[in-house]
Asker: 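Input: one structure, supplied below.
Residue numbering restarts at 1 for every chain, and letters A, B, ... go by the order of the sequence lines.
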Protein chains: 2
Amino acid sequence: MGAERAHGLKAQVKEAREQLLAHLKGRGLRWTKQRDIILEIFIAAQKHISAQELYELVKKRSSEIGYATVYRCLNLFVDVGIAKERRFDEERVRYESAIFADHHDHLICTECGAIVEFEDERIERLQDHIASEHGFNVTNHRLELYGTCPKCR
Amino acid sequence: MGAERAHGLKAQVKEAREQLLAHLKGRGLRWTKQRDIILEIFIAAQKHISAQELYELVKKRSSEIGYATVYRCLNLFVDVGIAKERRFDEERVRYESAIFADHHDHLICTECGAIVEFEDERIERLQDHIASEHGFNVTNHRLELYGTCPKCR
DNA sequence: GTGAATGCAAAAGTTTTGCACGGAC
DNA sequence: GTCCGTGCAAAACTTTTGCATTCAC
């Protein structure tokens with residue numbers, strides 16, 4: 001559940017790489033070996049990953065890549081629209097791929113830490129409705145449901 | 001809006017103090033001048049406050065209270081159930097009073113930072129429904145709507 | 001060749017911790 | 001008198017930044 005993706009990994013990496021290249025060219029920035037490696041590993045991870053976890057994966061492949069580069073890359077990916085920041089109930093930020101990902105929310109198991117993504121049109125409509133009752137114009141939202149997953153109940 | 005409280009400040013401080021005292025007695029812990037001052041200022045703040053902001057308010061009243069004591073106190077308050085941690089889209093944690101506070105969610109203005117609390121039974125029901133579709137048993141949730149408030153539109 | 005990206009180490013920001021001293025019980 | 005809480009400074013942890021060097025263009 002949640003593992004099924006509309007497009008294969010290769011297609012996602014290709015899409016992300018194109019998006020990154022377009023952004024770099026448009027701004028006189030440079031394509032580097034590090035950025036490509038980090039991009040590929042980030043997309044392949046297919047989950048909510050922290051900078052530290054990504055750094056460790058990257059180091060396995062290419063041990064001379066530094067911590068700061070991973071951080072700088074993740075911030076770049078967020079700018080480009082390849083990655084999204086997610087702040088769950090922990091100190092550090094997690095990142096998820098935004099390639100082919102619709103807006104979605106999260107079900108989080110407090111026992112085993114499993115994270116399931118879901119999307120629900122009814123919730124979105126209800127949120128807009130509530131916001132307008134308060135005179136707000138909603139541009140974004142965050143919804144996390146914490147509880148126990150089927151395995152842990 | 002949101003400023004209206006069911007009970008006065010004094011009642012909230014009294015309730016919090018009783019809750020804290022009961023907890024301390026039950027565990028052989030001690031009531032101290034610092035804890036009382038910090039408790040009172042925390043409740044009186046009536047908003048989502050960070051440790052740093054609380055520290056600054058506390059220092060005005062009693063300049064010899066240290067930073068670490070404020071942090072230790074806030075963690076104590078969370079244990080006791082007087083305070084709740086809230087992690088918005090920023091690095092540091094904010095705390096809010098849990099005294100007389102029902103479960104509620106937040107509307108956050110991305111222009112001016114204003115935070116409005118709301119509660120909606122329909123959302124709660126819908127969330128339970130969605131969770132059960134995924135086999136989850138929800139115990140808690142977090143919902144934040146980001147957008148522009150009436151003033152900033 | 002120019003200037004952006006990297007790697008390292010140091011810095012910055014938030015929160016926790018070790019330790020000697022003071023205070024609540 | 002005991003031992004918990006405090007205050008200070010130092011440490012931990014995540015993330016950012018300064019700077020000399022490397023490398024994409």
Side-chain angles (χ1 to χ4, degrees), chain A residues 17 20-39 41-42 48-80 82-95, chain B residues 17 20-39 41-42 48-80 82-95:
Chain A
R17 197 177 272 130
L20 181 56
L21 271 171
H23 178 93
L24 296 178
K25 276 190 184 169
R27 305 197 185 191
L29 305 181
R30 288 160 193 184
W31 182 90
T32 64
K33 189 176 74 244
Q34 289 91 334
R35 284 177 174 168
D36 199 54
I37 291 174
I38 294 172
L39 177 71
I41 295 179
F42 171 66
H48 305 84
I49 198 171
S50 68
Q52 197 188 118
E53 288 164 354
L54 183 55
Y55 170 68
E56 272 152 26
L57 289 177
V58 165
K59 219 170 43 173
K60 277 185 200 161
R61 164 100 72 96
S62 176
S63 60
E64 69 279 356
I65 291 182
Y67 223 127
T69 301
V70 173
Y71 271 99
R72 282 188 277 232
C73 253
L74 281 169
N75 287 333
L76 175 66
F77 293 172
V78 170
D79 281 352
V80 176
I82 291 172
K84 275 187 185 166
E85 285 191 355
R86 290 281 181 184
R87 223 174 256 275
F88 298 112
D89 269 337
E90 34 174 29
E91 186 158 348
R92 56 191 179 177
V93 175
R94 289 185 174 277
Y95 297 84
Chain B
R17 196 177 273 131
L20 180 57
L21 271 171
H23 178 93
L24 296 177
K25 277 191 183 168
R27 307 197 185 190
L29 305 180
R30 288 162 193 180
W31 181 91
T32 64
K33 190 176 71 241
Q34 288 90 332
R35 284 177 175 169
D36 199 55
I37 291 174
I38 295 172
L39 177 70
I41 295 178
F42 171 65
H48 305 83
I49 198 170
S50 68
Q52 198 188 117
E53 289 165 353
L54 183 56
Y55 170 68
E56 273 154 26
L57 289 178
V58 164
K59 218 171 44 175
K60 277 186 201 164
R61 164 99 74 96
S62 177
S63 59
E64 68 279 358
I65 291 182
Y67 223 126
T69 301
V70 173
Y71 272 100
R72 282 188 277 233
C73 252
L74 281 169
N75 287 334
L76 175 66
F77 293 171
V78 171
D79 281 351
V80 176
I82 291 171
K84 276 186 185 168
E85 285 190 355
R86 290 281 182 185
R87 225 174 256 274
F88 299 111
D89 270 335
E90 33 173 30
E91 185 159 351
R92 57 190 177 176
V93 176
R94 288 185 176 276
Y95 297 85

Asker: How close or far is atom P of D/dC8 from atom NZ of B/Lys59, stated in whole angstroms?
Answerer: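 From B/Lys59 NZ to D/dC8 P: 10 Å.
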
Asker: Rounded off to whole Å, could you give me the CG-to-P distance for the A/Asp79 and D/dT16 pair?
Answerer: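 Taking CG of A/Asp79 and P of D/dT16, I get 11 Å after rounding.
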
Asker: Do A/Thr69 and A/Thr32 come close enough that some side-chain heavy atom pair is under 4.5 Å?
Answerer: no

Asker: Is the backbone of B/Glu90 close enough, under 3.5 Å, to the side chain of A/Arg87 for a donor and an acceptor to pair up by distance?
Answerer: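 Yes: the side chain of A/Arg87 pairs with the backbone of B/Glu90.
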
Asker: Is the shortest side-chain heavy-atom distance between A/Phe77 and A/Tyr95 below 4.5 Å?
Answerer: no

Asker: Which letters describe nucleotides 15-20 of chain C, given B = protein heavy atom under 4.0 Å from base, S = only from sugar-phosphate, - = neither?
Answerer: BBBB--

Asker: Atom CZ of B/Phe77 and atom P of D/dG5: how far apart are they, to the nearest Å?
Answerer: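 Taking atom P of D/dG5 as the reference, CZ of B/Phe77 is at 13 Å.
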
Asker: So, B/Arg17 side chain and B/Asp36 main chain: donor-acceptor pair closer than 3.5 Å or not?
Answerer: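 No, B/Arg17 side chain to B/Asp36 backbone: no donor-acceptor pair under 3.5 Å.
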
Asker: Within the 4.5 Å heavy-atom criterion, are B/Lys60 and B/Glu56 side-chain neighbours or not?
Answerer: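 Contact flag for B/Lys60/B/Glu56 side chains = no.
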
Asker: Ignoring hydrogens, what is the shortest heavy-atom contact between A/Tyr55 and A/Gly66? Give both atom names and the distance.
Answerer: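 Looking at all heavy atoms of both residues, the shortest contact is CE1-C, 3.8 Å.
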
Asker: Roughly, in whole Å, what's the span from CD1 in B/Ile65 to C1' in C/dG23?
Answerer: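 In whole Å, C/dG23 C1' lies 14 Å from B/Ile65 CD1.
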
Asker: Determine, for nucleotides 20-25 of chain D in 5'-to-3' order, which nucleotides have protein heavy atoms under 4.0 Å from the base (write B), from only the sugar-phosphate (write S), or from neither (write -).
Answerer: ----BS

Asker: With sequence neighbours left out, what residues match A/Arg72 under side-chain hydrogen bond (donor to acceptor under 3.5 Å, both in side chains)?
Answerer: none

Asker: Could you state the CD-P distance from B/Glu64 to D/dG5, rounded to the nearest angstrom?
Answerer: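 The answer, rounded to whole Å, is 19 Å.
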
Asker: Evaluate side-chain contact (heavy atoms from CB on, under 4.5 Å) for A/Ile82 paired with A/His23, printing each intermediate quantity in order.
Answerer: CA-CA 11 Å; A/Ile82 291 172; A/His23 178 93; over 6 Å; no

